[in-house]
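Report on one structure; see the data block that follows.
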Amino acid sequence: MNTEMPKTFFITTAIDYTNSPPHVGHAYEKVLADVMARYRRLKGEKVFFLTGVDQHGQKVQQSAAKAGIPPAEFVKDITQKFIELWKKLDVTYDEWAETTSDRHKKVVQGILQRLFDAGQIYKDKQAGYYSIRQEQFLTDKERGPEGEFGPEWGQIEFREEENYYFKLSDHKKWLLDYLEKRHDAVIPDFRQTELGNAVEKLSSDLCISRPKSRLDWGIELPFDKDFVNYVWFDALTNYISFAGYDPSQSDIRHQPSNFLDKWPALQIIGKDILVPAHGIYWLIMLHAIGFPDEQMPQLLVHGWWNLGGAKMSKSAGNIIDPFVLIDKYGSDALRYYLMIGIAPGQDADFSEEHLIQFYNRDLANNLGNLLARTLTMIRKYRQGRVHWPSPNFPPPYKCLGWGNYIKMMNEFAIHQCIYAALSAATPLNQYIEEHKPWALVNDSNENNRLEAVLYYAADSLRISAILLSPILPKAAHGIFDQLNWKMDLTGKSERFRKPVPLFPRIQL
Ligand code: MSP
């Protein structure tokens, strides 16, 4: 690999289960990743943004059975819903991961075979209480205060079953050392602490199979055709299988250059899948297949959107459908709320009323008004043209508050980035009030000042729109169009357009 080459910024999200259609929680994570990806592209970096769907497993097999169609057909439908949603929400991923694809299957089987050959996977017999309804072995964790298994588990029987296990606990010490050495392995800090505590308690190995008699919707184990993989070796491996990883090379230096060029990734996940899936299984899997410590991905853990303090779930029937919101308010309005209504790492309560309030306050009233006002004056007083002003009239940019933007973006505090980008609107409105273009236009000695005020107002809007473009791609381009400015061109030779409302007020 040519080490002089700038690295590609590689960003992933969790892949979404296809046992039920997407809700706003799924949308949040993808928009967050999309904002980061667009920001990096804006800075001129090469970006590889990977997302996709998790199509195997028991939940899907059950949902398909309930719907009375084969799992392959069932996941196709739901996968299509996800693809449609990302398109509607302007989520610009570079590669799409589907875990039923052949490409993925080869990598999963290659890795499993390599670990099996290295003695990292063994067969063992498990005996214990088994819930037929939930199709899983129950442990003491599932027992209630009286030692009983609750009614949610349905009928319970004693079972013996052979399965394959991965020697997870062999790597416990390595993981503890790694987390000790690398303080930003997980962001935010309190999540790294939570992970560290969970690793301390790690004592058992990881069951990685299900007999086909019980589950056949999965990837067959390459060393035993009576079993399929279950389930994390399948799901987690997507992050490398769709990035060009070659499973036959255990020495990372021999991986294809298009893989090395992007790895390691920044991985965005929800708080529910840090422990144990990503923080324990995934990091240990990577370590076991030959990834050195400096090639471990960084995990960015976000909180959850809830509804009235309760978890959103299909079974609870309190899902918020993102398609409905997009049809009602537009994709930018939803993106805006998802980004501004939650702080990094924290949970938030979803409220359609808040979506409308944020939108009206920041976009319709603040930014939208400034844009309409500025364009109207430029058309009225300058026939739609303004020029770079004379040096006697310095720009007001210093007081416009954009300074925090990059710092906040690096801290993934998107809501703060938005405030930084919008922070220009209030002082700009004041700037216009102070200079009173409507008065300047009547004084021929003030020609240059008028030109300068209008020029800087338009140019500040342009800069705010650039900063907002990762969050509001449609609206930002709407602003560029009205300013007759193209992101990849400098200078503006054409006339400003007639203002058209970009953010029509939403009536409550
Ligand atoms: N398929 C697994 C992940 C495998 S990754 C190798 C999964 N799927 S999921 O559909 O349940 O969730 C996908 C992502 O969406 C997760 O990161 C999860 O945290 C996130 N969210 C699901 N519901 C959410 C909210 N209500 N709010 C915010 N994020 C949510 O887990």
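These values consider heavy atoms only, across backbone and side chains, with no hydrogens, waters or symmetry-generated copies. As the structure lists them, so they are numbered: ligands from 1, and atoms in each ligand from 1.
Annotation: atom 13 (C) of ligand 1 to nearest protein heavy atom, Asp16 OD1, 3.1 Å. Protein heavy atom closest to atom 11 (O) of ligand 1, with residue, atom name and distance, is Tyr17 CD1, 3.2 Å. For atom 25 (C) of ligand 1, the nearest protein heavy atom (residue, atom name, distance) is Gly25 CA, 3.4 Å. Among protein heavy atoms, atom 27 (N) of ligand 1 sits closest to Trp305 N, 3.0 Å. Of the protein's non-hydrogen atoms, Asp272 OD1, 2.6 Å is the one closest to atom 19 (O) of ligand 1. Among protein heavy atoms, the minimum distance from atom 5 (S) of ligand 1 is reached at Tyr239 OH, 3.3 Å. Shortest contact from atom 3 (C) of ligand 1 to any protein heavy atom: Ile15 O, 3.3 Å. Counting only heavy atoms of the protein, atom 22 (C) of ligand 1 lies nearest to Trp304 CZ2, 3.8 Å.
Checking only distances, Asn238 never comes within under 3.5 Å of ligand 1, N or O to N or O. In terms of N/O distances under 3.5 Å, ligand 1 is approached by Glu29.
Using a distance-only test at 3.5 Å, with no hydrogens or angles considered, no donor-acceptor pair links the side chain of Asn229 to the main chain of Ser209.
Within the listing of ligand 1, atoms 1 (N), 2 (C), 4 (C) sit less than 4.0 angstrom from a heavy atom of Asp54. Close contacts between ligand 1 and Leu236 involve ligand atoms 6 (C) [criterion: under 4.0 Å to a heavy atom].
Comparing Gly270, Ala235, Ala277, Gly303 against atom 6 (C) of ligand 1, the shortest heavy-atom distance belongs to Ala235. Scanning His278, His26, His23, Lys311 for the heavy atom closest to atom 15 (O) of ligand 1 points to His26.
Heavy atoms of other residues, nucleotides or ligands lying less than 6.0 angstrom from OH of Tyr129 number 12 at most.
Using a 4.0 Å heavy-atom cutoff, Trp282 is absent from the residues neighbouring ligand 1.
Considering all non-hydrogen atoms of both residues, Leu236 and Tyr281 come closest at CD1-CB, 4.1 Å.
With respect to Asp90 and Arg335, no salt bridge is recorded, no charged nitrogen being found less than 4.0 Å from a carboxylate O. Salt bridge Asp234/Lys105: absent, no basic N to carboxylate O contact under 4.0 Å.
Tyr419 and His415 have perpendicular rings, their planes meeting at more than 60° on a 0 to 90° scale where under 30° would count as parallel. Between His56 and Trp217, the two ring planes are perpendicular [angle over 60°; tilted spans 30° to 60°].
Side-chain polar atoms of Thr92 and Asp34 form a donor-acceptor pair below 3.5 angstrom. Donor-acceptor pairing under 3.5 Å is recorded for the side chains of Asp272 and Trp304.
Exactly one residue among Phe291, Tyr245, Phe242 makes a ring-ring contact (aromatic ring centres under 6.0 Å, His included) with Trp263. That residue is Phe291.
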